[in-house]
Structures are given as C-alpha cells and as structure tokens.
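In what follows, a single structure is set out as structure tokens and then discussed.
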There are 2 protein chains.
Amino acid sequence: MAPTNPATTLGYAILGLLARQPLSGYDLAARLKTPVGYYWTAHHGQIHPELQRLVGDRLVTYNTAAGPGPYAKKVYAITRDGRAALSAWVTEPPRPRPNRDELVLKAASLWLADPAPALALFRAEAERHAEQLAQYEATRASMEARYGERLERPDSPEFAEYVTLRCGISYEAHRLRWCRWVIARLEQAEAQ
Amino acid sequence: MAPTNPATTLGYAILGLLARQPLSGYDLAARLKTPVGYYWTAHHGQIHPELQRLVGDRLVTYNTAAGPGPYAKKVYAITRDGRAALSAWVTEPPRPRPNRDELVLKAASLWLADPAPALALFRAEAERHAEQLAQYEATRASMEARYGERLERPDSPEFAEYVTLRCGISYEAHRLRWCRWVIARLEQAEAQ
DNA sequence: CAACTCATGTAATGAGTTACATGATTGT
DNA sequence: ACAATCATGTAACTCATTACATGAGTTG
C-alpha cells in the first residue's frame, strides 16, 4: 500500500522533526516557535489537530505517558510510512508561494514619507537584522566547532541543519546590506 | 477627525498603488498579480471586498464608468484621509510575520534524500533564481537608463520602485548563491 | 500563594485561494 | 464561431492566529 501523503506543509514540518526523535505536541510547538525553527513556524492550536490527522493517516503513532493536567501526555513517533512520505516529499519541487514582505511594501510607498522617520525605520530594521545575523553566526561557530567534518556529510541531520542555518545567515546579510544601501541613499539625499 | 486605518496590509498595498494613479479593481488585481508586484500579491476575490471596506472607511472613492458585463466599471482614487493613513503607516515598524519557506524546510530534511534527486532539486531552484535575477537586472538597466537622477530623489515614486527592485535583486542573488553552495557541497560529497 | 512551565484540547476569527457566476468587446 | 481580455461580484474552503478552557507540578 502506497503511503498516504499529508498534503499540508505543516504535516511535513512535523514529520521532519519527528524523523530525528520522538516528541510530544508540546515539544513540537516549542521547536516550531519563532525563531528557533528556521523558516517554518506554527502554534500548538494548529499542531495538535494536525498530529491527529497524521495519526489517522498512519504517518505517526504515539505512546501515552503520565503527564500533568487533565489530558494524557502523548509522545509521537514517525512510522515507516511517514518516513517514506517525508523522504519522497523532500526532493519534490516546492510549490511556489507568494512572497509577502511588509517592509518592501512600505518601501514601495517610501516617496510619501518624511525623511527622518523613514531613516529611523530602516535603521531599526538594519539593527534587527544585524542582531539576528550575529546570533546566527555565533550558532554557526559553535556548530562548526562541535560537529566538524560531520557537517560535510549530506546524510547527517547536522548537515541539513547547517544548510538551513547558512540560508538564514545569507538572508540576514542580504537584508542588512539592502537596508544599509537604502539608509545611505536617504542620508545622501538629506545632505543636499 | 482622525483618519481611520485599514487594519489589513492588503488595504495599504491597494492604497500604495492608488496613491500613484486611480485604478479599477481589475487593474489593481493585474498589478498585484505575481510576479509584477514586488513582494505583495492578491487575487481579485480578495481585492474587491477590500475596496468596499476602504470605501466604507472613506480612504478611497470611486467613479462609475461605462464598462462591459453586468457590473459597472469603477475607477478608484485615494482620498485625503487615505493618503494620510498611508503615509503614517509607511514609517511605522512592520509587524513581524513568520518566515515560511518550503525549500528551506525541505533542506532541513535533506539528510533523508537520495543524492541525485537532491542535486536535481537545488539545480532547478538555482536556475529559477538565475532567471528571475536576470529579469530583474534587465528591469534595473532600463529603469536606470530611463529615469537617471530621478532614482536618487527619495520623494519620487521611481525611487521607491527602484528600492524595491534592488531588494528583489539582492534577494535573488542571495538565494542563487545559497543554492550553488548547497550544490557544491552535494557534488563534493558525491565525488568521494 | 503566586507565577511559571508543562501539557492537551476546542472555538472563533482572520487572511488568502479557488471556484462559481455573469456578460460585453475585441481579435483570430 | 471561438478564445481572450475586460470587469465585477459572492461563496466555499484552507490555512494560520488568537483566545478560551483545564489542571498538575515546580520555583521563588
């Protein structure tokens, strides 16, 4: 029987985490909370129903464990079907999703803004990106020190994590350069 | 009376286009269609109701014109309140929205993939970005030739458009570099 | 004893996509 | 004649966020 596919991207995000280790819904929510999960986020309100669907499709199973509160704690694990669905999905071309970026949208109406608050906006954004970049670079340094040559093996989870981290670093650097370029343009125009 | 604010980002996207020139709902939909509108998209099914809301908030008005089909064509124009709301919004800090990126999510599970299809995926993505980059660069060249020094005046719509274009170029270049870096890593591992 | 973390669940709301619906004009 | 473009409107659906709801264990 062919493995059922989850259809939703969130389902694959969850499978991707469960492929590394079994986790509870709470732990999944913690990992999918900004900014820990590079480039995918979700709240527990979405995660729990999705897990129930994945269980229904036999892509994950769970073991009930003793836990606090009125509900039993469930530790979810990926099944063989789930792993097959996940590894088939990984190399399929990603569905194009629209790019929505509020800062760029604001930039498109920048000609209506006063110079001082416009500069303040881009300085604040530049600082945000500089901070995020610094944090990512620190993570990179510690990953490289800790894992060394394992980061060069494409079949290791550490390689995959490193690849996403490099994307984050590259993204933040691009954003920072762009913001600084805008700032320079605005300053130059103000000087005249 | 203080200007009502549209609350939705789409409302500001529409106001931003109407601040340049009056447009019909159809024209707005054409401009907000991928990939013409840099970094914001919408369909007419969302645009028409939003326009009605903006009319209700007195941020835009419309003139009915003769048009084909069962409905009268409406040409929308921004009001003084609309322009005020827009220029106030421009320099407010953007609300943080989650970054969702399916390719990066796939990359996080790349360790489960076979080398050949993984390479094919990133080569295809690299090509997509190279094409988009080439197209943006062509647009940039024609903009620079056509507008010249006006691109340096922050109070001109051309400057604002140029700024968003530069962001697009920077983004595609970042993506392309990252994809190529992943490809090189995968090729290197395969050679051994 | 108050606040925080752990832990799951549902419901309401909002944002976005796709599909359904109508119909005139223009170009092939 | 047929297809494409112009032109608006609504409804159904999916995805994501926020809020409501419960309650034990740990820390200060």
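For clarity, every value in this text was computed on a predicted model and none was experimentally measured. Chain letters run A, B, ... following the sequence lines, proteins first, then strands; residues in each count from 1. Atoms considered below: every heavy atom in the structure, side chains included; atoms not considered: hydrogens, waters and symmetry mates.
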*Residue closer to the 5' end of DNA chain D, B:K74 versus A:H44 (nearest nucleotide)*: B:K74

*Write down the distance between NZ (B:K33) and P (D:dC6), rounded to a whole number of angstrom.*
9 Å

*Find the distance A:Y71:OH to D:dC20:P and express it as a whole number of Å.*
16 Å

*Indicate, with a heavy-atom threshold strictly under 4.0 Å, whether B:E50 touches base, sugar-phosphate, or nothing.*
nothing

*For B:Q52 and D:dA11, what is the distance between atoms CD and P respectively, to the nearest whole Å?*
11 Å

*asked:* Check this one for me: any side-chain N or O of A:R100 less than 4.0 Å away from OP1 or OP2 of C:dT17?
replied: yes

*Where the side chain of B:T8 is defined as all heavy atoms beyond and including C-beta, which of D:dT17, C:dA15, D:dG9 is the nearest nucleotide?*
C:dA15

*asked:* By the 4.0 Å heavy-atom rule, please label B:G45 as base, sugar-phosphate, or nothing.
replied: base

*Less than 4.0 Å between a side-chain N and a carboxylate O, is that true for B:R140 and B:E137?*
yes

*asked:* Tell me the interatomic distance from B:H48, atom NE2, to C:dC20, atom P, rounded to whole angstroms.
replied: 18 Å

*Are the charged groups of B:E158 and B:R20 less than 4.0 angstrom apart, N to O?*
no

_If I take atom CD1 in residue A:I14 and atom C1' in nucleotide C:dT8, what distance separates them, rounded to the nearest angstrom?_
14 Å

*Atom pair distance, as rounded to whole Å: CG in B:L23 and P in D:dA7*: 11 Å

_Among D:dT17, C:dA7, C:dG9, the one nearest A:D27 by side-chain distance_ = C:dA7

*Nearest-neighbour nucleotide for the A:Y26 side chain, D:dT8, C:dC6, D:dA16 considered*: C:dC6

_Tell me the interatomic distance from A:Y62, atom OH, to C:dG9, atom C1', rounded to whole angstroms._
13 Å

*Is A:S24 touching bases, backbone alone, or none of the nucleic acid, heavy atoms closer than 4.0 Å?*
sugar-phosphate

*asked:* Considering every strand and a 4.0 Å limit on heavy-atom distances, what is the contact class for A:A29: base, sugar-phosphate, or nothing?
replied: nothing

*B:H129 vs B:Y171 aromatic rings, parallel, tilted or perpendicular, using cut-offs 30° and 60°?*
perpendicular

*asked:* The side chain of A:H43 is closest to which nucleotide in this list: D:dC20, C:dC20, D:dT17?
replied: D:dT17

*asked:* Are B:Y62 and B:Y71 connected into the same hydrophobic cluster when the rule is that any two of I, L, V, M, F, W, Y join if their side-chain heavy atoms are below 4.5 Å apart?
replied: no

*With the threshold set at 4.0 Å, does a side-chain nitrogen-carboxylate oxygen contact exist between A:E131 and A:R128?*
no

*Using only side-chain N and O atoms of B:R97, determine if any of them is under 4.0 Å from OP1 or OP2 of C:dG16.*
yes

*Please state how far atom CD1 in B:I47 lies from atom C1' in D:dC6, giving the value in whole angstrom units.*
15 Å

